[in-house]
Amino acid sequence: MTALAVDERQVKRRVGSGVALRVLGRLGSAVLVLFAAASATFFAQALLPGDRATLLLNQRTGQTEARSDEELAPIRAEYGFDDPILLQYADYLGGLLSGRLGVSYQMHQPVEALIAEQIPSTLLLTVTALAVAWVLTVIWTVATTRRSARIDAIGSGVETVAAGLPPYWLGVILLVVFALGLGWFPVIGGSEAARLVLPALTLGIPLAGFMGQATRAAFERALDEPFVTSARMRGMSDLGVRVWHVLRHAALPGITLSGWALGSLISGAVIVETIFARPGIGRVLVSAVNSRDLPVVGGVVIVVALVYVVVNLVVDLAYSAVDPRLATE
Amino acid sequence: MPTPIHTPAPRDRRRGPVAMTAAAASLAIALMAGCSGPQAAVGDERVEGGTIVYGHLQEPPCIFGGWVQQAYLSRQVLDSLVSLEDDGTVVPWLATDWTVSGDQRAWTFTLRDDVTFTDGTALDAQAVSDNFEYWLDGGNGTVQAYLADYYESSRAVDATTLEVTLSAPYSPLLTVLSQGYFGIQSPTALARGNEANCEQPVGTGPFTVAGWKRGESVTFERNDDYNSAPANARHDGPAYVEGIEWRFLPDATTRYGSLVSGETDVIYDVPSIEWATAGEHFEVQRYITPGRPVALSFNTVEGPFVDERVRQAFAFASDRKAIVETVFRGAVPFEGNGSVSQGTSNYNAEVADAYPYDPDRAAELLDAAGWTATDAAGYRTKDGEALEVVIPYGAGSILTQEGSAVLQAIQQQVKEVGFKVTLIPVTQSELFGGAYSQPDERDIYVGYWTSPTAGILHINYRHHLPESPNGANSTFYNDDELLALIEGANGTTEPSEQERLFAEAQQLISDRAVAVGLYTQTTSLAVGQQLRDVWLEASQGEPVFHDAYFVQ
């Protein structure tokens with residue numbers, strides 16, 4: 001309400017410069033985050049117990065045995081495992097600075113190409129799951145918050161249960177009921193709409209439960225605000241009040257959570273990608289970690305960190321858009 | 001040889017609900033398969049063309065390589081010199097004929113003169129020689145495991161005559177060559193380098209690699225000029241189908257469910273829980289992998305199992321047969337022979353029953369070995385030390401969940417006799433990185449080794465010496481008598497002599513309880529009724545689609 005007293009253009013200008021500063025600050029911290037992610041991954045992968053050359057050789061032949069120096073020498077030379085670790089680190093960072101993520105030890109492909117091939121599928125899945133979670137959260141919160149003691153209890157009870165559902169279990173149940181039992185959807189996942197529904201629900205339902213809990217608390221607080229009373233006095237319907245006034249306030253915690261959620265969805269994607277046999281960055285990461293394919297692990301970590309940074313920046317801006325007061329503080 | 005790595009199932013972490021889920025999935029699939037119509041309306045009339053959708057378990061990093069998962073794929077595009085019949089006979093493929101010199105060191109192969117690689121390069125003796133050089137130069141670690149000790153050189157005598165010279169007689173050579181690792185690639189294509197050969201090896205085979213969407217599928221297209229089927233194929237000439245859509249479906253419920261719903265035509269690795277019902281609705285084929293079975297290989301140089309009597313006591317101390325039958329519900333057979341599995345030529349069946357469940361015998365042996373006292377927890381002790389044995393195992397990589405369950409049951413049962421077993425699940429990256437590969441790190445090694453020949457004994461029991469290490473000798477057992485038997489068998493081409501020597505070698509390993517068996521590494525196929533004549537080749541169960549056709 002205070003904004004009414006201030007000149008509108010002034011607000012916009014102040015919002016604008018606030019945003020610019022925010023973006024700059026974020027970019028600086030983004031670079032730091034990426035540097036830290038790359039370094040941590042490199043050292044974790046390089047210094048884990050076990051010999052990398054042995055792992056490479058065993059992995060290529062499906063064996064788990066000790067290897068002789070004679071067998072290992074060519075591999076060590078090829079990948080520079082004999083170099084001092086700091087030199088290997090410098091090489092790795094140098095490669096990153098020039099925009100190269102390296103070549104997979106196991107797949108012999110450039111990591112950029114591998115990730116570029118896999119990430120669209122994962123992003124499609126996670127963004128759809130996030131959208132599903134939002135739709136479920138909004139409908140459920142608007143419909144069940146502060147209706148009657150009983151509906152309230154059912155509403156928050158369902159949220160608690162949904163938030164606690166293990167994705168693997170949920171995925172298999174959805175698969176068995178809706179794909180195998182009823183035959184409404186194909187068993188094998190993919191990018192077409194019909195193949196995306198069950199994977200997105202598997203990730204979206206627990207997330208909706210989680211976001212619903214946060215949204216419900218904020219929704220209840222907002223229902224007590226004076227503007228709700230005033231809107232009702234103007235004759236607005238209950239649904240109108242909930243959707244047009246209360247929801248806007250109650251959405252803030254959910255928006256904040258969305259940035260975190262996208263990160264957690266990418267990790268949750270591993271399970272869904274396995275059950276529904278979808279391509280994606282999750283499966284690539286798991287097999288790369290299992291075979292300690294350092295360039296691939298590093299590449300995926302950096303790209304996921306990048307997505308995370310960008311999403312949080314967007315969330316920050318969205319937050320400002322929903323509540324302009326934040327940008328001017 | 002190599003061990004299929006099983007995708008670590010995310011379900012491991014959530015035992016309770018998952019058991020329920022699996023049961024529910026099984027029920028739903030059974031109901032669906034029972035009442036669904038698509039299976040019923042199939043006739044016997046062959047349909048031209050079509051694409052086979054095949055659901056496979058694991059996705060390897062490359063299409064060609066030294067891991068069995070890679071051989072499954074490369075078999076579709078590469079032909080080998082020879083092929084193996086179910087009864088162990090070697091039959092012609094790219095090689096029409098072969099002879100071996102009197103000293104058994106020079107093998108001469110006559111090649112077909114009318115075969116061309118799919119990139120236009122001609123198949124000749126030089127091309128095959130180039131492949132031998134490529135494999136042994138590091139191109140295929142599994143070929144090296146078989147041949148590095150024997151291969152000396154190869155040369156093209158003329159366009160169709162290849163001479164391979166060995167440093168010592170090696171009678172299993174032909175059998176070994178029938179495995180997918182020995183598929184012949186175009187030398188022109190090999191020169192493209194690792195990146196291209198990983199994604200798209202080029203051979204003379206019935207299909208070519210058309211594309212690979214990682215994480216999803218490999219697409220194979222028919223080679224319309226195919227003329228080089230092995231002698232044991234069911235037809236010559238190009239494949240009946242236009243191609244194969246090779247889907248990677250790591251989750252068992254999804255994979256089996258996709259066959260039931262008709263999204264796939266054939267799947268690999270039917271889940272044990274579905275094995276019985278799968279046979280009612282689909283054509284099922286089971287392949288018992290030859291080579292070393294999933295076995296307990298004792299550490300014979302350090303710890304309590306240095307004493308032969310303690311090894312024997314451990315073997316008598318659990319009902320391995322009953323445990324395997326319970327855990328696998330009949331889908332996988334028990335294998336008591338610890339060095340060579342049933343289904344391998346020259347398998348010694350007698351040693352499979354050498355160590356039945358006999359706790360009294362186990363107790364006597366432990367008494368004799370000086371483990372006479374018992375501590376408060378019930379474990380045997382000697383000089384104040386408990387009889388503790390450490391078993392690290394590749395949970396989710398070498399052993400499936402069921403394999404882990406077998407170990408847990410053994411752990412419980414041998415406790416009654418006084419063994420304290422510590423099971424250590426080891427992650428894939430740790431295990432393949434060499435963890436627990438040294439004698440002071442483990443008392444028992446659990447693992448198998450896919451191989452079509454009892455010559456696997458040479459790989460697993462060749463001496464492990466400082467100057468010539470053998471990491472594949474997982475028992476660290478350096479025994480001259482045993483090695484002489486194995487080398488004698490590898491060195492003779494007289495079948496009855498070979499059989500006798502290989503049988504004696506297995507007998508010796510069993511008598512001294514160097515290794516005892518658990519179960520056979522077993523794979524399976526379930527084929528929808530709309531598809532016929534998919535078969536598993538004999539050397540290591542690679543699925544063959546060249547003869548397959550659809551019916552209506």
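Here is the naming used below: chain letters follow the sequence lines, and residue numbers restart at 1 for every chain. Computation of the quantities below employed the complete heavy-atom set of this structure, encompassing side-chain atoms and omitting hydrogens, waters and symmetry-equivalent molecules.
The contact between A/Gln106 and chain B is made by backbone and side chain atoms together, counting heavy-atom distances below 4.5 Å. Residue contact with chain B, scored on non-hydrogen atoms closer than 4.5 Å, involves the side chain of A/Leu175 exclusively. For chain A, no part of B/Thr427 is nearby; none of its heavy atoms comes within less than 4.5 Å. With a 4.5 angstrom heavy-atom cutoff, A/Leu114 touches chain B only via side-chain atoms. The contact between B/Gln438 and chain A is made entirely by side chain atoms (from C-beta outward), counting heavy-atom distances below 4.5 Å. With a 4.5 angstrom heavy-atom cutoff, B/Ala472 touches chain A via backbone and side-chain atoms both. Only the backbone of A/Arg278 comes within contact range of chain B, with heavy atoms under 4.5 Å apart. Proximity to chain A (any heavy atom under 4.5 Å) is shown, for B/Ser217, by neither the backbone nor the side chain.
Between chain B and the options A/Glu70, A/His108, A/Gln118, the largest number of non-hydrogen pairs under 4.5 Å is found for A/His108. Counting heavy-atom pairs under 4.5 Å between each of B/Arg247, B/Lys213, B/Gln70 and chain A puts B/Arg247 at the top. Ranked by heavy-atom pairs under 4.5 Å with chain A, the list B/Gly434, B/Pro60, B/Pro469, B/Ser258 is led by B/Ser258. Comparing A/Val103, A/Leu55, A/Asp293, A/Ile75 by heavy-atom pairs within less than 4.5 Å of chain B, the highest count is held by A/Leu55.
Rounded to the nearest 0.5 angstrom, A/Ile275 CD1 and B/Thr253 OG1 are separated by 8.5 Å. From A/Asn290, atom CG reaches atom CZ of B/Phe432 across 9.5 Å, with rounding to the nearest 0.5 Å. A distance of 12.5 Å separates CD in B/Gln428 from CZ in A/Arg292, rounded to the nearest 0.5 Å. A/Glu117 contributes atom CD, which lies 9.0 Å from atom CD of B/Glu216 (distance to the nearest 0.5 angstrom). Here the straight-line distance linking atom CG of A/Asn58 with atom CH2 of B/Trp67 works out to 12.5 Å at 0.5 Å rounding.
Taking all atoms of both residues into account, the shortest heavy-atom contact from B/Asp251 to A/Tyr168 is OD1-OH, 3.0 Å. Contact detail for B/Ser429 and A/Val289: the closest heavy-atom pair is CB-O, 3.6 Å. Residue B/Phe248 comes nearest to A/Arg283 through the heavy atom pair O-NH2, 3.8 Å, listed as atom of the first residue, atom of the second, then distance.
Around CZ of A/Phe42, the count of heavy atoms belonging to other residues, nucleotides or ligands within 6.0 Å exceeds 12. More than 12 heavy-atom neighbours from other residues, nucleotides or ligands sit within 6.0 angstrom of CH2 on A/Trp260.
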For salt bridge (charged side-chain N to carboxylate O under 4.0 Å, His left out), just list the numbers for B/Glu263 and A/Arg195, CA-CA rounded to whole Å, side-chain angles, deciding distance to a tenth of an Å, and then say yes or no. CA-CA 12 Å; B/Glu263 286 168 69; A/Arg195 296 186 188 275; 3.5 Å; yes
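No donor-acceptor pair closer than 3.5 Å links the side chain of A/Glu65 to the backbone N or O of B/Ser474.
Using a 4.5 Å cut-off between non-hydrogen atoms, the part of residues 192-200 of chain B that approaches chain A consists of B/Asn194, B/Glu195, B/Cys198, B/Glu199.
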